[in-house]
J.: 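This is the structure, below, for whatever I ask next.
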There are 4 protein chains.
Amino acid sequence: MKRAQSETDKALRESQIISAGLDEFYQKGFAAARMDHIGKRAGVSKGTLYLYFPSKEALFEAIIKTVAVPQIAEIERILEGQSAVADTLDVLMQRLPLILRQSPLPKLIKVLIGDAFTFPELVTLYRESVIERSLNAVAAFLQRGVDSGEIQADLPDPAMSARLVIAPVLMSAIWTVVFDPIDGTQLDLEQLFHVHHQQLKRALGLQEISHD
Amino acid sequence: MKRAQSETDKALRESQIISAGLDEFYQKGFAAARMDHIGKRAGVSKGTLYLYFPSKEALFEAIIKTVAVPQIAEIERILEGQSAVADTLDVLMQRLPLILRQSPLPKLIKVLIGDAFTFPELVTLYRESVIERSLNAVAAFLQRGVDSGEIQADLPDPAMSARLVIAPVLMSAIWTVVFDPIDGTQLDLEQLFHVHHQQLKRALGLQEISHD
Amino acid sequence: MKRAQSETDKALRESQIISAGLDEFYQKGFAAARMDHIGKRAGVSKGTLYLYFPSKEALFEAIIKTVAVPQIAEIERILEGQSAVADTLDVLMQRLPLILRQSPLPKLIKVLIGDAFTFPELVTLYRESVIERSLNAVAAFLQRGVDSGEIQADLPDPAMSARLVIAPVLMSAIWTVVFDPIDGTQLDLEQLFHVHHQQLKRALGLQEISHD
Amino acid sequence: MKRAQSETDKALRESQIISAGLDEFYQKGFAAARMDHIGKRAGVSKGTLYLYFPSKEALFEAIIKTVAVPQIAEIERILEGQSAVADTLDVLMQRLPLILRQSPLPKLIKVLIGDAFTFPELVTLYRESVIERSLNAVAAFLQRGVDSGEIQADLPDPAMSARLVIAPVLMSAIWTVVFDPIDGTQLDLEQLFHVHHQQLKRALGLQEISHD
DNA sequence: GATGAATGAGGGTTCATTCAT
DNA sequence: CATGAATGAACCCTCATTCAT
């Protein structure tokens with residue numbers, strides 16, 4: 001492999017390793033993942049990995065931290081906009097299939113579930129920085145709809161309702177990274193979130209407000 | 001350990017080993033699980049495990065098969081009853097928290113997700129014998145409601161709607177076996193399914209039919 | 001290898017490993033010594049070593065501690081007897097060649113010198129429990145000769161004189177475990193200690209006391 | 001690091017590396033010594049070492065050969081002078097503490113003992129070019145004293161007597177490079193060789209000849 | 001000439017599996 | 001039947017050596 005001399009080169013190499021590591025951990029789990037396989041996936045030798053990360057564990061942690069934290073921003077941005085609630089929900093439900101397919105988060109979820117008890121502090125980190133933030137953003141969004149009158153249904157517990165909004169996302173994530181690859185199927189995410197959207201609108205009693 | 005002479009003794013011993021194995025695999029994942037730990041949990045020696053299962057892999061498979069298949073019966077029974085759809089949904093939503101807490105299925109899900117690619121045929125088995133059966137049962141139940149007029153909403157895709165009914169179950173399962181044990185929290189399942197129930201009724205346009 | 005079931009069997013196996021380990025560490029030094037070689041020397045597999053010692057380092061420490069401490073007793077016994085000083089010196093000088101040839105201490109000294117800075121606390125232990133004890137015993141013996149008048153030379157510093165009595169022992173030890181094995185020579189220990197004896201008697205002004 | 005262009009620059013760089021190597025080998029032994037540490041001690045990079053020495057082993061050999069051979073000259077010079085034997089012994093015993101402290105030989109001895117069997121030919125070289133030469137010089141010196149009548153004691157085996165003269169030197173060497181650095185003590189070499197001197201004079205029956 | 005990133009053989013340690021007791 | 005001592009394949013990690021820059 002060419003040598004990474006500059007800082008940019010090194011950062012690139014590091015991100016290649018992280019990406020290769022995520023794939024290997026996703027396929028095998030932490031314990032069964034092999035450092036030389038990660039090297040092969042990243043196009044470097046086993047020894048090179050140790051120039052970038054001091055141990056398998058450190059690489060694992062770096063992966064979780066690198067991948068998890070930045071990914072949630074888009075969803076927050078959508079939800080925290082000030083458009084009409086119905087429009088925001090439109091956008092969210094339309095974007096989720098793509099986000100689920102393109103983001104590394106579903107793979108990360110699979111990895112974290114599998115090795116949860118080996119890295120509990122990473123689970124906590126993930127919960128706080130990804131899940132709770134998402135749930136809070138959804139709950140706040142729902143509250144905004146209630147306050148503005150756009151949501152007419154009685155929502156006694158917006159935090160729980162937020163969980164119910166999110167539940168199909170978790171299910172889809174697991175489905176796409178666990179069941180689909182194994183059985184060669186492909187869950188129709190567009191259809192799923194279309195139906196979810198319809199049912200949500202009824203469940204929330206969502207009033208479409210005319211845009212003019 | 002005393003010797004298991006009779007067939008019943010042996011069956012008992014076997015189920016102890018399976019239970020111990022599930023706990024160990026749940027805590028560690030397949031690769032990091034240790035046979036001597038499983039032995040210790042089951043109160044037998046490492047060697048004894050091999051009198052009952054020819055290998056770690058065989059034990060793992062036996063666990064999945066033993067635990068997965070029988071567990072789904074109750075839900076099917078509830079859904080396939082002929083009571084009013086609203087009543088059946090009442091029962092289901094009321095029973096789910098208990099089922100989630102008492103059944104070994106949530107642990108099993110965690111294990112299967114973690115080691116999915118090591119045992120793809122088990123994932124397929126689980127999908128077919130647990131998940132698809134549940135989804136089919138729910139879809140059939142929803143269809144019954146549509147057919148009887150109890151469900152008034154337009155349900156263009158009952159299979160997808162079934163997924164949305166089930167999604168909070170998967171989420172709860174993962175929550176209770178992954179996040180709660182690690183963070184010492186406890187998701188309020190009763191409240192979650194209460195809200196889910198409320199929102200479902202609105203989403204489905206469920207008509208309560210008087211029982212007389 | 002046959003299995004060591006009883007405690008005696010295990011103690012025997014352990015001492016075989018210690019002996020094999022001493023040989024390997026003596027030949028290679030700590031860092032270059034290989035666990036599988038130690039196993040081969042002891043007639044067991046590499047894995048078996050770890051049933052008896054948790055690590056290479058622990059084995060090394062066990063060897064030093066097991067071998068070093070008990071070995072010094074005979075010399076102390078000779079020196080602390082109450083025979084005439086001249087007679088005691090006779091016995092000591094006569095016995096030293098045999099002790100040097102039969103005891104594992106010379107090998108141990110070689111090992112400790114080579115890996116001194118890797119295991120400084122073992123060097124301290126060895127110094128205190130072997131070397132200082134020997135020096136003290138010799139110094140006390142010399143003082144006894146001075147007090148009784150058998151030693152007529154002026155001994156201003158018995159501790160230093162003790163070092164000079166011992167110096168040929170250290171030299172011989174190193175010679176027999178380093179130079180002789182490599183060059184196929186054999187230092188004539190009897191002759192060396194005979195000459196040492198003669199010179200010591202003159203240096204100390206030793207008076208032979210008639211035994212009757 | 002600046003480039004070494006001239007031959008003198010290169011010789012200087014080489015001797016820095018040798019000095020750094022001796023320190024590292026002395027601290028760690030051959031196997032545990034690390035090339036990058038040697039580089040750091042010498043103020044050059046790992047790669048530069050290979051511009052001067054083709055391998056770790058070659059560096060080790062160069063160190064032994066460079067350091068060992070020239071160091072013995074002073075002792076030979078003292079012993080081969082034609083002064084009175086007593087005076088020569090005075091000078092020798094007075095100089096030895098300083099020589100032991102300043103020369104790199106004690107460190108070298110420690111290194112050679114530790115890795116003796118990895119480099120047997122170096123041990124042989126060292127024995128022949130340092131130890132035997134010293135012993136021969138001392139033996140010849142003693143013979144001169146016997147022949148001139150200055151040594152009045154019966155010395156049946158001057159070669160063995162030479163070993164006894166040298167033994168405290170070896171002991172001191174090991175003491176100063178092994179025990180003293182570890183335990184923070186400092187052997188009083190002046191006192192040791194003062195006592196050695198006194199005892200030797202008695203043991204040899206040395207006649208002081210007036211200088212006039 | 002000098003550097004240090006990259007390589008990969010080597011060795012300590014673990015643990016599933018075997019089998020003598 | 002049950003045990004746990006013994007085995008050795010497998011894998012993480014180190015570091016001497018190479019060579020692109």
Side-chain angles (χ1 to χ4, degrees), chain A residues 1-6 9-10 13 31-39 43-59, chain B residues 1-5 9-10 13 30-39 43-59, chain C residues 1-6 9-10 13 31-39 43-59, chain D residues 1-5 9-10 13 30-39 43-59:
Chain A
M1 194 55 170
K2 196 147 42 129
R3 302 197 182 172
Q5 302 273 32
S6 69
D9 288 352
K10 286 197 203 173
R13 183 67 49 93
R34 285 179 44 182
M35 290 300 271
D36 59 345
H37 286 183
I38 294 174
V44 300
S45 79
K46 200 179 11 157
T48 299
L49 301 177
Y50 289 88
L51 298 177
Y52 292 84
F53 301 94
S55 68
K56 190 184 184 184
E57 199 167 317
L59 172 57
Chain B
M1 194 58 166
K2 200 165 37 167
R3 294 190 187 183
Q5 305 271 22
D9 284 353
K10 285 170 79 168
R13 180 74 52 94
F30 178 76
R34 288 183 42 184
M35 291 299 271
D36 60 344
H37 286 182
I38 295 174
V44 300
S45 79
K46 202 174 19 155
T48 300
L49 300 178
Y50 288 87
L51 299 175
Y52 290 83
F53 302 95
S55 69
K56 189 184 184 184
E57 201 168 315
L59 171 57
Chain C
M1 194 54 170
K2 196 148 40 129
R3 303 199 182 171
Q5 302 272 33
S6 68
D9 288 352
K10 287 197 198 172
R13 183 67 49 93
R34 287 180 41 183
M35 289 302 269
D36 59 345
H37 286 182
I38 295 175
V44 301
S45 77
K46 202 173 18 151
T48 300
L49 301 178
Y50 288 87
L51 298 177
Y52 291 84
F53 301 94
S55 69
K56 190 185 185 184
E57 200 167 316
L59 171 57
Chain D
M1 194 56 169
K2 202 166 36 166
R3 292 192 188 181
Q5 304 270 26
D9 284 355
K10 286 172 77 169
R13 181 74 51 92
F30 178 77
R34 288 181 44 180
M35 290 301 270
D36 60 344
H37 285 183
I38 294 174
V44 300
S45 79
K46 203 175 17 156
T48 301
L49 300 178
Y50 288 87
L51 300 174
Y52 290 83
F53 301 95
S55 69
K56 190 185 186 184
E57 202 167 314
L59 172 57

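From a predicted model like this one, the values you see are computed outputs, not experimental measurements. Here is how names work: the chains are called A, B, and so on, in the same order as the sequence lines, proteins then strands, and each is numbered from 1.
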J.: Please determine, for the side chain of D:R34, which listed nucleotide (F:dC15, E:dG8, E:dT3) has the closest atom?
T.: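 Ranking F:dC15, E:dG8, E:dT3 by closest atom to the D:R34 side chain puts F:dC15 first.
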J.: When we call it a touch if two heavy atoms are under 4.0 Å apart, what does C:A32 touch: a base, just sugar-phosphate, or nothing?
T.: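 Since no nucleic acid heavy atom lies under 4.0 Å of C:A32, the category is nothing.
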J.: How close or far is atom P of E:dG11 from atom OH of C:Y50, stated in whole angstroms?
T.: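 So the OH-P distance, C:Y50 to E:dG11, works out to 13 Å.
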J.: Phosphate oxygens OP1/OP2 of F:dT7: is one of them under 4.0 Å from a side-chain N or O of C:T48?
T.: yes
J.: Report the distance from atom CD1 of A:I38 to atom C1' of F:dC12, rounded to the nearest whole Å.
T.: 11 Å
J.: Given atom CG of A:L49 and atom P of E:dA5, what is their separation to the nearest angstrom?
T.: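 Whole-Å distance recorded here is 15 Å.
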J.: Write down the distance between CE (A:M35) and P (E:dG8), rounded to a whole number of angstrom.
T.: 16 Å
J.: Please list, chain by chain and in numerical order, all residues satisfying ring pair (Phe, Tyr, Trp, His ring centres under 6.0 Å) with A:Y52, sequence neighbours excluded.
T.: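 Testing A:Y52 for ring pair (Phe, Tyr, Trp, His ring centres under 6.0 Å), a comparison that skips the adjacent residues, returns none.
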J.: How would you label the contact of C:A58 with the nucleic acid (heavy atoms, under 4.0 Å): base, sugar-phosphate, or nothing?
T.: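 C:A58: no heavy atom of the nucleic acid under 4.0 Å.
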J.: Once hydrogens and angles are ignored, does a donor-acceptor distance under 3.5 Å link the base of E:dT3 to the side chain of D:K46?
T.: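 Side chain to base: no pair below 3.5 Å.
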J.: Reckon D:Y52 has a side-chain N or O less than 4.0 Å from the OP1 or OP2 of E:dG1?
T.: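 Answer is no, no contact under 4.0 Å.
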J.: Just how far, in rounded Å, is P of E:dA5 from CG of D:D36?
T.: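 Atom CG in D:D36 sits about 12 Å away from atom P in E:dA5.
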J.: Measure the distance from NZ on A:K56 to P on F:dC11 and round it to the nearest whole Å.
T.: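 Result: 9 Å.
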J.: For B:R13 and F:dT3, give me the distance from atom CZ to atom C1', rounded to whole Å.
T.: 12 Å
J.: Quickly work out the C:L51 CG to E:dA16 C1' distance and round it to whole Å.
T.: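 So the CG-C1' distance, C:L51 to E:dA16, works out to 14 Å.
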J.: Using OP1 and OP2 only, check whether a side-chain N or O of A:R3 sits under 4.0 Å from E:dA6.
T.: no
J.: Given Watson-Crick or G-U pairs with both distances under 3.5 Å, what dot-bracket string fits DNA chain E, with | for other-strand pairs and [ ] for crossing?
T.: .||||||||||||||||||||
J.: Tell me every residue that passes ring pair (Phe, Tyr, Trp, His ring centres under 6.0 Å) with C:Y50, counting only those two or more places apart in sequence or in another chain.
T.: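 Applying ring pair (Phe, Tyr, Trp, His ring centres under 6.0 Å) to C:Y50 gives none.
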